[in-house]
Amino acid sequence: MLFGTGYNMQDKGKTYWSQENPSAYTFRNGATDSEWINAPDSEKVDIAGNTLWGPLPGSALNPGNFDDFMGSSNANLPNTWAGINIPGLFDYYRSLDSEAFDQYLVPRPNLTGGNTYGVKEETIHAYAEMILEDEIAGMPYMLDFGLRYIDTTVTSWGYSQDPANIAFDEDGLFTDAVDTVGLVEFEGNYKKLLPSFNGKLGLTDDLVWRLSLSQAISRPPLTNLSPVTSIWQNEEKTPPENFIYENDPGLEPYYADQLDTTLEWYYSDSGTLNLAFYYKELHGFVIYEPTRETINGASFEVTRPYNDDENQSRIRGYELNWLQTFDDFLPDPLAGFGVQANYTYNNSESGEYTDDGEQLPFKGLSDHQYNVVAFYENHGLKVNVAYNYRSEYSLGKQWYWSNALNDWTSETLQVDE
């Protein structure tokens, strides 16, 4: 028996920095006075009818490092020009109006738009494993039983808009209250038991049967666990269209119940042939499907991720693998040549349907895929030529605004050397 325990932690944080007005030191077209900068007219220069601050001091410029732009061309073009020295340019802007520079150009944390947040995921885990080895009817076997326990705590924070602040003016546009952001914090926890079994039976000296049963999980990305809400309008529509996007820090992992079995034939010292069958059932996928909701008397398109526990995805199929080296058939000077080939058939169901009621296959999986590789490995030299093919596959249900699109990628054939 084997036992173990451990602790894992991962966190992700983001602080979005922005300037209040990066264009503060520019003039509107045709304007000769600045709306934001208080500096004397002596610091202004007219270039081709446009008012600019300048001329720039030498500290704001980097000399050109070439003198043959366009080579021997007869075009009326400069053969070199200066570049901008950003620290020197900022020093010059600060000398014109230090208060405006600090207000408009100094970056500060931006709390709007859900771009400033932090997520921490802490997991305590323990496992027990028992391995049995013996013979049955003269055939050696190995049985490996495992059980893993996980206890995961998610804490997150972020600056978010609040749907409770949604209000409209007489034209159906949001009032300024919608832009108010506040600190939101969340803590959640989930616990899971994950069993596993691996078995091996030596049917003969060169024939081995393997069986594997397990339950596995895959956690959602940390970026999906930030507790932020974004609210916006498409004001070009009449009436305006309203949208909300919310993350869900309470998302749980999705789960896979897996069965794999393999028959391995080691027919010689230089070749193997394997046939594998597999079945996987997946549930709890994170879905991003828009819904229509009424908030403060208005219709909103609301998109938030959630664990889809009603639909299951299934992946089943088989795989055939062959590996053969030719050292036994070739003279020693030609040793190192070989070939490897495999074919995979997938029959999958995603749990997603088209508008016509046809179920889509699992996204990213082709029904047919095969690879053939011819290789040479000897005397420190490695060369291979690979022929790869996969049939078309689904990209799953994609959302463009509120329209569901079912995209496919066509079959591909690739030769690598």
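Counting begins at 1 with the first residue of the sequence.
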- Query: Can you check side-chain hydrogen bond (donor to acceptor under 3.5 Å, both in side chains) on Y267 and Q324, steps first, answer last?
  - Reply: CA-CA 10 Å; Y267 58 83; Q324 177 67 62; 2.5 Å; yes
Let me have the donor-acceptor pairs involving side chains of residues 199-206, under 3.5 Å, with sequence neighbours excluded, atom names and distances please.
{"from": "T204", "atom 1": "OG1", "to": "D206", "atom 2": "N", "distance (Å)": "3.3"}
{"from": "T204", "atom 1": "OG1", "to": "D206", "atom 2": "OD1", "distance (Å)": "2.9"}
{"from": "T204", "atom 1": "OG1", "to": "L207", "atom 2": "N", "distance (Å)": "3.1"}

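- The side chain to side chain donor-acceptor pair (under 3.5 Å) test with S212 singles out one residue from T262, D260, N198, and that residue is N198.
- Annotation: E35, atom CD; neighbour count of heavy atoms from other residues, nucleotides and ligands within 6.0 Å is above 12.
- The minimum heavy-atom distance between D11 and K120, with the atom names listed, is CB-CA, 3.9 Å.
- The ring of F90 has its center closer than 6.0 angstrom to the ring center of F101.
- Checked against the 6.0 Å centroid threshold, W53 and F27 count as a close aromatic pair.
- Closest heavy-atom contact between N242 and S299: ND2-O, 3.2 Å.
- For the pair N371 (side chain) and N388 (backbone), a donor-acceptor distance under 3.5 Å is absent.
- The line from CD1 of I84 to CG of L89 is 6.0 Å long, rounded to the nearest 0.5 Å.
- Using a 30° and 60° split on the angle between ring planes, F326 and F329 fall in the tilted class, from 30° to 60°.
- A donor-acceptor contact closer than 3.5 angstrom is absent between the side chains of Y389 and H368.
- Distance alone, capped at 3.5 Å, places no donor-acceptor pair between the N307 side chain and the D309 backbone.
- Between the side chain of D169 and the main chain of D171, a donor-acceptor pair closer than 3.5 Å is present.
- Of all heavy-atom pairs spanning T116 and T15, the tightest one is OG1-CA, 3.9 Å.
- Atom OG of S313 and atom CZ of F362 lie 5.5 Å apart (nearest 0.5 Å).
- Contact detail for A24 and W36: the closest heavy-atom pair is O-CE3, 3.3 Å.
- In this structure, the separation between OH on Y279 and CG on N347 is 10.5 Å, given to the nearest 0.5 Å.
- The closest side-chain donor-acceptor pair between S18 and N110 falls under 3.5 angstrom.
- For the pair R390 and Y393, the cation sits on the ring face: its NZ or CZ lies under 6.0 Å from the ring centre, inside 45° of the axis.
- Closest non-hydrogen pair, L105 versus N21, comes out as CD2-O, 3.6 Å.
- No donor-acceptor distance shorter than 3.5 angstrom exists from the side chain of S218 to the backbone of Y254, with no hydrogens or angles considered.
- Only one option out of E122, K192, R219 pairs with T152 in a side-chain contact (heavy atoms from CB on, under 4.5 Å); it is R219.
- With hydrogens and angles ignored, the 3.5 Å screen pairs a side-chain donor or acceptor of D162 with a backbone N or O of A164.
- By the 4.0 Å N-to-carboxylate-O rule, K12 lies too far from E121 to be salt-bridged with it.
- Scanning both residues, I217 and P253, for their nearest heavy atoms gives CB-CB, 4.0 Å.
- Relative to the ring axis of Y127, R148 does not place its NZ or CZ within 45° and under 6.0 Å from the centre.
- T261 contributes a side-chain N or O that, together with a main-chain N or O of R210, makes up a donor-acceptor pair within less than 3.5 Å.
- Between atom CG of residue N234 and atom CD of residue E301 there is a gap of 11.0 Å, rounded to the nearest 0.5 Å.
- Aromatic pair Y93/Y104: centroids not less than 6.0 angstrom apart.
- For the residue pair N247 and S226, a side-chain donor N or O sits within less than 3.5 Å of a side-chain acceptor on the partner.
- Rounding to the nearest 0.5 Å gives a distance of 7.0 Å between OG of S214 and NZ of K280.
- Using modelled atom types, one finds a donor on one side chain and an acceptor on the other under 3.5 Å when comparing N189 with T153.
- By the side chain to side chain contact (heavy atoms under 4.5 Å, CB included) test, P57 pairs with S59, A60, Y92, sequence neighbours left out.
- Aromatic ring centroids of F174 and F168 lie under 6.0 Å apart.
- Between the side chain of Q161 and the backbone N or O of V178, at least one donor-acceptor pair lies under 3.5 Å.
- Summarising the local packing, CZ of R28 is surrounded by 12 or fewer heavy atoms from other residues, nucleotides or ligands at distances under 6.0 Å.
- Between the side chain of S156 and the backbone N or O of P249, no donor-acceptor pair lies under 3.5 Å.
- The structure places CG of N342 at 11.5 Å from OH of Y370, a figure rounded to the nearest 0.5 Å.
- With hydrogens and angles left out, the side-chain atoms of N346 and Y278 include a donor and acceptor closer than 3.5 Å.
- Between the side chain of S268 and the backbone N or O of S270 there is at least one donor-acceptor pair closer than 3.5 Å.
- Looking only at distances, no side-chain donor or acceptor of E281 sits under 3.5 Å from a matching main-chain atom of D257.
- There is no side-chain donor-acceptor pair under 3.5 Å between D151 and H125.
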